Amino acid sequence: MGNMKEKKPSKKPLVYYCILVAVIMMLLNSLVFPMLMEAQIREVGYNEFLKMVDEGSVKQVARNESEGLITFLAVDENGRERVYKTGIWPDEDLRARLEQANVEFAAAIPTQSSPLLTFLLTWILPILIFAALGQFMMRKLQNGGIGPNAMSFGKANAKVYVEAQTGKTFADVAGEDEAKEALSEIVDFLHNPGKYAKIGARLPKGALLVGPPGTGKTLLAKAVAGEAQVPFFSISGSEFVEMFVGMGAAKVRDLFQQANEKAPCIVFIDEIDTIGKKRDGGGLGGNDEREQTLNQLLTEMDGFDGKKGVVILAATNRPDSLDPALLRPGRFDRRIPVELPDLGGREAILRVHAKNVHMANDIDFNAIARATSGASGAELANIVNEAALRAVRMGRDIVEQADLEESVEVVIAGYQRKSAVISEREKQIVAYHEIGHALVAAKQSDSAPVHKITIVPRTSGALGYTMQVEEGEHFLMSREEAFNKLATLTGGRTAEELVFHSATTGASNDIEQATRLARAMVTRYGMSDRFGMVALETVENAYLGGDSSLACSQETAASIDHEVVAMVKEAQDKARKILSENMDALHKLSKYLLEKETITGEEFMQMLHEQA
């Protein structure tokens with residue numbers, strides 16, 4: 001459904017009166033001045049034409065050969081000039097007769113028209129058109145439009161889904177059990193308000209869904225409306241932003257007015273941080289458009305009756321930027337985190353999206369879930385879709401395990417670059433680099449087991465990579481595990497230096513990850529002996545990349561840099577020691593990888609045990 005219908009104003013627009021005046025003027029002009037309005041040309045015979053020429057009453061003559069007509073201007077019996085026409089007859093003496101009578105030869109005889117009609121068309125009609133256009137624009141500005149066009153000011157263009165037309169229920173949402181539990185109480189309240197009113201409990205006015213992009217915040221809101229079987233208003237925060245100050249506030253008023261008329265209902269505002277940012281006084285006297293919209297939203301949330309059953313749901317991935325007045329109890333009573341799914345949640349999400357895809361019977365969703373640590377629900381849905389597309393490309397009508405595994409790699413590293421031509425020496429360097437990673441990881445007890453090693457180039461720019469997959473879900477990382485991960489990251493460059501006695505640019509991504517991890521160990525995790533449990537860095541926008549900024553003096557920042565460098569160097573020394581002790585395995589495994597280009601973790605571990 002679109003917007004709700006408005007009552008049309010009883011007063012007729014100005015355009016109707018303009019049309020009425022124009023019709024009256026036309027009638028008066030034709031009835032009162034019939035002689036002036038007569039535009040018809042009088043037809044006469046050729047003999048009468050010659051008679052009028054001889055009498056000297058003809059002033060001008062024009063000849064039209066194509067139509068076979070002679071048009072002439074002459075004085076009628078009343079002494080008034082009129083236009084006549086007659087047919088052309090073969091007459092050799094006509095030119096001489098016309099010259100003798102001093103008749104002027106004209107190209108064309110102008111048709112006479114009414115001066116009043118000319119005035120009407122030239123002056124009155126344009127004025128009426130502009131007046132009607134101005135009245136139309138003023139009416140649009142005052143009352144608002146009813147469609148998503150440029151003149152729709154003051155109206156909230158919310159999509160309204162009546163009686164659970166969202167088509168979503170909690171069964172469509174997987175991996176967010178805590179969020180569903182928190183929202184199910186709102187659904188129960190909308191279904192059975194009596195049992196809550198009996199004890200004196202009131203319905204929460206609002207619930208704020210916070211979490212990273214792609215975790216299903218919008219899907220959860222639609223599922224709540226679908227479960228509650230109530231109308232669902234959906235609007236984005238950016239739709240309140242207008243070029244005229246005050247129009248955003250007018251849209252907020254209109255949205256809540258529509259919601260009150262359809263109560264009980266659910267109003268969902270997506271990306272509320274667009275209009276709900278903290279007020280910092282940066283505007284011109286607090287009168288900028290965004291602040292007026294926020295103030296109106298705060299007022300409306302305080303003003304509507306909670307007993308009517310109007311619930312405000314909002315979603316954002318920047319909760320730290322929201323105004324504190326918006327987050328206080330009485331407005332958004334509940335803050336519901338919608339985090340990235342854990343191992344069980346990822347498996348459940350994969351199964352939900354696989355329902356609509358023809359899958360093989362032996363699909364191991366748990367293995368895919370373990371390989372996609374940190375993936376959001378939207379990314380998991382994309383992985384299933386990529387697997388289906390790959391199955392079609394391979395000429396199959398069913399998705400197999402290999403399709404899902406390849407789609408995971410596509411999401412992580414991009415598609416295979418089949419056209420890339422790499423020299424044998426560079427392939428050899430890449431093979432030693434990747435085996436260096438895998439060997440250091442395998443020889444450390446606290447590192448994740450190797451799942452796959454490949455030297456096939458990818459569209460992301462990677463010439464090869466080593467995939468490690470945790471056996472289970474881990475929420476904590478010890479200092480030893482973090483240091484072992486550092487050593488694994490430095491293993492690739494270390495293997496290059498040991499074998500080729502040189503370094504290449506291929507380790508740039510490893511260097512970035514190692515530096516980021518070492519800095520976090522020093523500044524955020526308290527894993528440095530020099531600084532201990534001191535927070536030296538603050539994280540902002542945790543759901544959008546987690547930008548960090550140092551919270552220390554310049555002297556301390558320099559000391560942090562020294563500590564990070566020392567920690568990475570210590571990890572590289574450990575990797576060099578492991579690889580030096582296993583040089584035979586490094587050479588053998590690198591040669592095998594160079595031949596096969598891709599080997600599994602099982603093949604790698606089997607050869608490693610045989611070498612031992």
Side-chain angles (χ1 to χ4, degrees), residues 412-414 417 420 422-458 460-468 477 479-522 527 560-594 597-599 601 604 607-608 611:
I412 293 174
R417 287 180 57 197
I422 302 174
S423 66
E424 283 299 320
R425 177 169 176 79
E426 285 189 342
K427 286 180 69 175
Q428 193 176 18
I429 293 173
V430 174
Y432 273 98
H433 181 104
E434 299 306 332
I435 293 296
H437 283 307
L439 198 54
V440 173
K443 289 295 182 179
Q444 296 180 117
S445 57
D446 292 327
S447 289
V450 176
H451 179 70
K452 185 178 182 179
I453 311 167
T454 180
I455 57 172
V456 177
R458 295 275 170 169
S460 63
L463 297 177
Y465 62 90
T466 301
M467 184 185 293
Q468 292 177 261
M477 184 165 57
R479 187 183 189 280
E480 291 73 25
E481 288 174 335
F483 188 76
N484 288 345
K485 189 173 182 180
L486 265 183
T488 302
L489 287 168
T490 62
R493 165 62 67 84
T494 306
E496 291 181 37
E497 292 176 346
L498 285 173
V499 177
F500 301 99
H501 307 290
S502 180
T504 67
T505 58
S508 60
N509 184 255
D510 301 333
I511 295 170
E512 289 176 14
Q513 292 188 57
T515 306
R516 193 181 305 119
L517 176 58
R519 182 171 290 275
M521 289 171 67
V522 174
M527 293 179 178
I560 291 171
D561 292 337
H562 290 303
E563 188 74 9
V564 170
V565 171
M567 189 174 289
V568 174
K569 191 174 186 306
E570 184 183 352
Q572 190 173 15
D573 290 340
K574 181 180 181 181
R576 183 176 287 107
K577 183 174 182 294
I578 292 173
L579 293 174
S580 299
E581 294 173 353
N582 297 274
M583 285 300 291
D584 292 339
L586 179 63
H587 289 303
K588 185 178 180 181
L589 288 165
S590 299
K591 184 179 179 181
Y592 183 70
L593 177 60
L594 199 58
E597 289 194 338
T598 300
I599 60 175
F604 173 82
M607 290 192 66
L608 187 61
Q611 187 68 26

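The structure displayed is predicted, hence computed values, not measured ones. FYI, side chains are in, hydrogens and waters are out, and symmetry mates aren't considered; it's all heavy atoms of this structure.
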Does a side-chain N-to-carboxylate-O contact under 4.0 Å join K577 and E581?
-> yes
Min side-chain heavy-atom separation D573-T490 under 4.5 Å = no
Does the side chain of H433 come within less than 4.5 Å of T504's, by heavy atoms?
-> no
How close do I422 and P457 get, heavy atom to heavy atom, and via which atoms?
-> CD1-CG, 3.3 Å
When rounded to the nearest 0.5 Å, the distance separating CG of L593 from NZ of K588 is 14.5 Å
Mind checking salt bridge (charged side-chain N to carboxylate O under 4.0 Å, His left out) for K452 and listing every partner two or more places apart, or none if nothing turns up?
-> E409
Heavy-atom donor-acceptor pair, E597 side chain to V456 backbone, under 3.5 Å = no
Quickly, which of K591, E496, H587 forms a side chain to side chain donor-acceptor pair (under 3.5 Å) with Y432? Name it, please.
-> H587
Keeping the roles fixed (side chain from R519, backbone from A514), state whether a donor-acceptor pair exists under 3.5 Å.
-> no
So, do M527 and F483 sit near enough that their side-chain heavy atoms are less than 4.5 Å apart?
-> no
Regarding E480 and N484, is there a side-chain donor-to-acceptor distance under 3.5 Å anywhere?
-> no
Could you tell me the separation between the CD1 atom of I455 and the CD1 atom of I599, rounded to the nearest 0.5 Å?
-> 9.5 Å
Measure the CG-CG distance between N509 and L489 for me, rounded to the nearest 0.5 Å.
-> 8.5 Å
What distance do I435 atom CD1 and I453 atom CD1 have between them, rounded to the nearest 0.5 Å?
-> 4.0 Å
Scanning both residues in full, the closest heavy-atom pair of V568 with A518 reads CG2-CB, 3.8 Å
When rounded to the nearest 0.5 angstrom, what distance separates CZ in F500 from CZ in R425?
-> 5.5 Å
Side chain to side chain, L486 and M521, heavy atoms closer than 4.5 Å | yes
Nearest-0.5 Å distance, CG of residue L589 to CG of residue L594 = 12.5 Å
What's the shortest heavy-atom distance between L608 and A442, and which atoms?
-> CD2-CB, 3.9 Å
Would you name the heavy atoms of V522 and V564 that are closest together and state the gap between them?
-> CG2-CG2, 4.2 Å
What are the two closest heavy atoms between R576 and S580, and how far apart are they?
-> O-OG, 2.7 Å
Just jot down the side-chain hydrogen bond (donor to acceptor under 3.5 Å, both in side chains) partners of E570, sequence neighbours excluded, or say none.
-> none
R493 side chain reached by Q572 side chain, heavy atoms, under 4.5 Å = yes
Side chains of H562 and V565 in contact at under 4.5 Å (non-hydrogen atoms) = no
4.5 Å side-chain heavy-atom contact, E434 and T454 | no
Nearest atoms (heavy-atom pairs only) where G436 meets A495 | CA-CB, 3.9 Å
Which of K443, H437, Q444 passes side chain to side chain donor-acceptor pair (under 3.5 Å) with T488? It is Q444
Flag side-chain contact, heavy atom, 4.5 Å: L463 against E426 = no
